[in-house]
2 protein chains.
Amino acid sequence: MDLAEALEKIMSGLGYGRTIIVVGRMHAHYAGRSTSWLAEGDRLLIIKSDKSILTHRPTGYESVNWQPPGVVINAQITEEGLVLECNRKSPPEILRIVITEVYSAEYYRLVDNGEFIIHAREEDMKAAIINSPDIVEPGLRIVETERRIGDEYIDILAVDSSGQIVIIEIKRKRATCRDVEQIVNYATQVEKELGRKPRKILAAPSLSKEAASLNTVLRVEYKCFSPRLAYEILSKKKGLDRFL
Amino acid sequence: MDLAEALEKIMSGLGYGRTIIVVGRMHAHYAGRSTSWLAEGDRLLIIKSDKSILTHRPTGYESVNWQPPGVVINAQITEEGLVLECNRKSPPEILRIVITEVYSAEYYRLVDNGEFIIHAREEDMKAAIINSPDIVEPGLRIVETERRIGDEYIDILAVDSSGQIVIIEIKRKRATCRDVEQIVNYATQVEKELGRKPRKILAAPSLSKEAASLNTVLRVEYKCFSPRLAYEILSKKKGLDRFL
DNA sequence: AAATCGATATCGTAG
DNA sequence: CTACGATGTCGATTT
């Protein structure tokens, strides 16, 4: 396809607020928060209806150059080729893409109001424990969630069957030493504020070796709890299994 | 375009190792590290030559569903529509995309060996200071980089014109209280190990208000230093300005 | 394989 | 606007 023809497609697509797809040979330069140069190669260029722009190389799932929605796009043909200049004010950034060959250029009117539902985030794990505290320990009662301690928040504050305060820190991935230190800091603050030493429970799908030994030293308890288990609990409770 | 026709395109593209672009109406379900459901809408589906797969909605620069390179892709037509099942073994994940309508399906042979050069990362900022320590302070001499302190690393260890030890911590973004705490921890460790109180310099493009007052209290010095300045220094030193 | 750290991270939320 | 945590974070590097 001719560069002039492609430019016309791009201008029309931009004017109508369409999603534009260009396949071709191009190089790019970015300057802003960082600075990058990408030499020439065959790539896929997408300009979306919200004026976000991205280019994909033929391998790897991530885009290589991009600008988020709301940039000002200027397109013109120079001696270099079809030049797209994408400017953003805050933060000041510029992405300059030079297309030297076009294999295909087309735009589409895409309508997408599909709801996106995601489960088994840390938030969902918390919801599962609040729904079914017994999975952490029989007899556990939830007292408070998101309690502010200093300038941080404790995931869950509870009381065990013997009346002792329990701090629960949830992690959706393998817990690290950093996570152990975090819950110990919370415990120190809670003891200061409430005058009683709380139990500390780290709920995570697994525990790193170093974190495990640190746990022993610092008297932090570990409860194996995975995002998947949380999802299953929530599914049973709320009938979310229709998504499986 | 017919679903059967689109399936043929996809199968051919997969067989030839091409980059496939499908524009159409689809919905998707993901299960693996998390679980998600995306209701029907018009989207762009890309299967790359390395068999990474991604879908884009018509807004926002990020992909909504994806699988990294090396998944096993199974495509077939069922009563639901054109179904793509993308399986990964480690971690166990499955992405199931159901295409109900196809507006366009094409594949391309894309060759992209273009070199990608990126500057002004934290690493480049460190290189700039090592090259030109004077930009931090006249008379500064670099002693060591990446010195291990406990289980962490100090960006730069130096000595000032009066012979005092200087710890430099580099941040490419606005420095926060957390960063101030980090350099103070390093200083404590250095004092323990070397028996001398070091100066502490935080080199970053800006400083949050809270971090500024924390700096005063904890005697941490602040040196304004941006990725862009680092880039300019390195450009002059190494002739990298050909990229601008 | 596990852990750590940086990223043009992005994104949401609370203050 | 700023700060901070979560992310299917991803990706590279080191142990």
Side-chain angles (χ1 to χ4, degrees), chain A residues 28-38 52-54 60-69 71 86 88 90-95 116 118-126 146 148 150-153 155 169-179 182 206-212 227-228 231, chain B residues 28-38 52 54 60-69 86 88 90-95 116 118-126 146 148 151-153 155 170-179 182 206-212 227-228 231:
Chain A
H29 179 252
Y30 163 81
R33 285 169 288 176
S34 179
T35 311
S36 74
W37 165 256
L38 176 57
S52 56
I53 186 164
L54 52 145
Y61 103 87
E62 282 182 313
S63 61
V64 60
N65 281 124
W66 71 90
Q67 284 284 44
V71 290
C86 315
R88 190 151 81 126
S90 171
E93 293 180 302
I94 184 166
L95 174 61
F116 184 56
I118 187 163
H119 291 288
R121 299 158 301 174
E122 190 174 299
E123 193 186 321
D124 300 307
M125 292 175 71
K126 198 199 296 180
E146 294 289 315
R148 195 185 181 121
D151 55 351
E152 296 189 278
Y153 293 87
D155 283 334
E169 177 65 25
I170 301 164
K171 291 291 160 192
R172 65 184 304 289
K173 289 197 288 189
R174 174 181 276 254
T176 65
C177 291
R178 190 176 196 85
D179 301 324
Q182 190 185 14
S206 65
L207 194 63
S208 82
K209 229 182 218 176
E210 290 87 350
R228 174 152 289 276
Y231 176 70
Chain B
H29 178 253
Y30 162 82
R33 284 168 290 176
S34 179
T35 309
S36 74
W37 166 255
L38 176 57
S52 56
L54 52 145
Y61 104 87
E62 283 183 310
S63 61
V64 61
N65 280 123
W66 71 90
Q67 284 283 45
C86 315
R88 189 150 80 127
S90 170
E93 291 179 303
I94 183 166
L95 174 61
F116 184 57
I118 188 164
H119 292 289
R121 300 158 301 174
E122 191 173 297
E123 191 187 320
D124 299 307
M125 292 176 72
K126 198 199 295 180
E146 295 289 312
R148 195 183 182 122
D151 55 350
E152 297 190 276
Y153 293 89
D155 284 332
I170 301 164
K171 292 291 162 191
R172 65 184 307 290
K173 289 198 287 189
R174 172 182 277 255
T176 65
C177 290
R178 186 167 282 262
D179 301 324
Q182 189 185 15
S206 64
L207 193 64
S208 82
K209 229 182 217 176
E210 290 87 351
R228 176 154 287 276
Y231 174 70

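Order of the sequence lines fixes the chain letters, A, B, ..., with proteins taken first and strands second; residue numbering starts at 1 for each chain.
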Closest of C:dA3, D:dT2, C:dA9 to the A:Ser208 side chain is C:dA3
Can you tell me if the side-chain N/O atoms of A:Trp66 get under 4.0 Å from OP1 or OP2 in C:dA9?
-> no
Are any of A:Arg121's side-chain N or O atoms less than 4.0 Å away from OP1 or OP2 of D:dT7?
-> no
Excluding sequence neighbours, so at least two apart, what forms side-chain hydrogen bond (donor to acceptor under 3.5 Å, both in side chains) with B:Arg88?
-> B:Glu93
Given C:dA9, D:dG8, C:dA3, the nucleotide with the shortest approach to the side chain of B:Ser34 | D:dG8
Look at the side-chain N and O atoms of B:Arg178 and state whether any lies under 4.0 Å from the OP1 or OP2 oxygen of D:dT2.
-> no
Which atoms form the tightest heavy-atom contact between B:Tyr30 and B:Leu95, and what is the distance?
-> CB-CD1, 4.1 Å
Pick base, sugar-phosphate or nothing for A:Gln67, based on heavy-atom distances below 4.0 Å to the nucleic acid.
-> nothing
From the options C:dA9, D:dT2, C:dT8, select the nucleotide whose nearest atom is closest to the side chain of A:Asn65.
-> C:dT8
If you round to the nearest 0.5 Å, how far is OG of A:Ser52 from CH2 of A:Trp66?
-> 12.5 Å
Measure from NE2 on A:His119 to P on D:dA6 and round the result to the nearest Å.
-> 20 Å
Check the distance between D:dA6's P and A:Glu169's CD and give it to me in whole angstrom.
-> 7 Å
Residues forming a side chain to side chain contact (heavy atoms under 4.5 Å, CB included) with A:Glu62, sequence neighbours excluded | none
So what does A:Glu123 hit on the nucleic acid, given a heavy-atom distance under 4.0 Å: a base, only sugar-phosphate, or nothing?
-> nothing
Tell me: CG of A:Leu54 to P of C:dT8, nearest whole Å?
-> 16 Å
Report the residue (A:Gly32 or A:Ala175) whose heavy-atom-nearest nucleotide on DNA chain C is the more 5′ of the two.
-> A:Ala175
Go through the structure and list residues passing side chain to side chain contact (heavy atoms under 4.5 Å, CB included) with B:Thr176, not counting sequence neighbours.
-> B:Arg178, B:Asp179
Just the atom pairs and distances: protein N or O near nucleotides 11-15 of chain C's N or O, under 3.5 Å.
residue	atom	partner	partner atom	Å
C:dC11	OP1	B:Glu62	OE1	3.4
C:dG15	OP1	A:Tyr153	OH	3.3

Between B:Arg172 (side chain) and A:Arg33 (backbone), is there a donor-acceptor pair under 3.5 Å?
-> yes
CD on B:Glu123 to CG on B:Asp155, rounded to 0.5 Å = 11.0 Å
Roughly, in whole Å, what's the span from CZ in A:Phe116 to C1' in C:dT10?
-> 14 Å
In whole angstrom, give the distance that lies between atom CD1 of A:Ile118 and atom P of C:dT10.
-> 18 Å
With sequence neighbours excluded, what pairs up with B:Asp124 under the side chain to side chain contact (heavy atoms under 4.5 Å, CB included) test?
-> B:His119, B:Arg121, B:Leu234
Can a side chain N or O of B:Arg174 be found less than 4.0 Å away from OP1 or OP2 on D:dC4?
-> no
Nearest-Å distance, NZ (A:Lys173) to P (C:dT4)?
-> 12 Å
Could you work out the separation of D:dC4 and D:dG8 based on their P atoms and round it to a whole Å?
-> 22 Å
Under the 3.5 Å rule, do the base of C:dG6 and the side chain of B:Glu122 count as making a donor-acceptor pair?
-> no
Could you give the CG-to-C1' distance, from B:Asp155 to C:dG6, as a whole number of Å?
-> 11 Å
Tell me what A:Leu95 touches on the nucleic acid: a base, only sugar-phosphate, or nothing, going by heavy atoms under 4.0 Å.
-> nothing
Rounding to a whole Å, what distance do you find between B:Lys126:NZ and D:dT13:C1'?
-> 12 Å
Are any of A:Lys171's side-chain N or O atoms less than 4.0 Å away from OP1 or OP2 of D:dA6?
-> yes
For C:dT8 and C:dT4, measure between their P atoms and round to the nearest Å.
-> 22 Å
Please determine, for the side chain of A:Thr176, which listed nucleotide (C:dT4, C:dT10, D:dT7) has the closest atom?
-> C:dT4
How would you list, by chain and number, every residue that makes a side chain to side chain contact (heavy atoms under 4.5 Å, CB included) with A:Ser208, sequence neighbours excluded?
-> A:Arg174, A:Glu210, A:Ala211
